[in-house]
Amino acid sequence: MKDSQEIKYLSKSRDSIFASLDIRENPDDAFDNAIKRGMKRPEDWMYMYSKNNRDYFKNCDTREFRSYPQFGPIAMLKKKFEHER
């Protein structure tokens with residue numbers, strides 16, 4: 001997935017306990033992004049959710065959580081400037 005592509009999330013009910021979280025339609029995109037950003041041994045991790053432009057993963061064995069930014073530094077700056085307009 002390229003930084004410039006729009007990320008698609010599953011729709012959810014406002015009454016859901018998951019209403020504050022975004023869950024990607026395609027978790028493989030989250031893994032591809034995390035691997036580019038330094039994730040080692042992706043087979044040991046589960047994609048959990050996305051929030052505040054970050055993807056969150058939980059280790060299958062240790063239950064440790066890690067997050068990775070969804071966009072590279074240039075794309076994040078670009079998105080920030082677009083949002084401020």
Side-chain angles (χ1 to χ4, degrees):
M1 171 175 214
K2 301 229 186 297
D3 283 343
S4 60
Q5 288 179 320
E6 182 179 342
I7 297 171
K8 295 182 182 176
Y9 299 100
L10 298 174
S11 59
K12 57 197 169 291
S13 167
R14 287 184 294 160
D15 299 332
S16 169
I17 61 171
F18 302 107
S20 67
L21 304 176
D22 291 318
I23 299 173
R24 285 186 185 235
E25 279 186 7
N26 186 355
D28 290 340
D29 289 342
F31 276 98
D32 290 344
N33 178 62
I35 291 166
K36 284 194 311 189
R37 311 237 182 277
M39 176 186 269
K40 304 289 188 237
R41 300 186 50 86
E43 64 275 7
D44 292 344
W45 297 88
M46 296 180 280
Y47 168 71
M48 300 304 290
Y49 62 90
S50 299
K51 189 172 183 178
N52 298 327
N53 297 319
R54 296 185 75 82
D55 294 319
Y56 289 81
F57 298 85
K58 183 168 91 172
N59 186 284
C60 298
D61 296 324
T62 66
R63 301 183 73 170
E64 169 191 7
F65 268 80
R66 285 198 186 154
S67 70
Y68 296 88
Q70 292 177 335
F71 307 102
I74 293 171
M76 287 182 79
L77 287 172
K78 193 175 183 182
K79 187 173 182 173
K80 182 179 178 180
F81 286 123
E82 287 173 1
H83 185 266
E84 289 177 354
R85 287 185 188 178

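These numbers come from a predicted model, not from an experiment.
For Ser67, the side-chain contact (heavy atoms from CB on, under 4.5 Å) test picks out Arg54, Tyr56, with sequence neighbours left out. Looking at residues two or more places apart in sequence or on another chain, you find a side-chain contact (heavy atoms from CB on, under 4.5 Å) between Glu25 and Lys8, Leu10.
From Asp55, atom CG reaches atom CG of Asp32 across 10.5 Å, with rounding to the nearest 0.5 Å.
What you find for Met48 and Ile23 is that their closest heavy atoms are O-CG1, 4.2 Å. Contact detail for Pro69 and Asn33: the closest heavy-atom pair is O-ND2, 2.8 Å. In this structure, Ile7 and Arg24 approach most closely via the heavy-atom pair CD1-NH2, 3.5 Å.
Residue pairs meeting the salt bridge (charged side-chain N to carboxylate O under 4.0 Å, His left out) criterion with at least one member in residues 61-71, sequence neighbours excluded: Glu64-Arg66.
Of the listed residues (Phe57, Tyr47, Tyr68, Trp45), just one forms a ring pair (Phe, Tyr, Trp, His ring centres under 6.0 Å) with Phe31, and that residue is Phe57.
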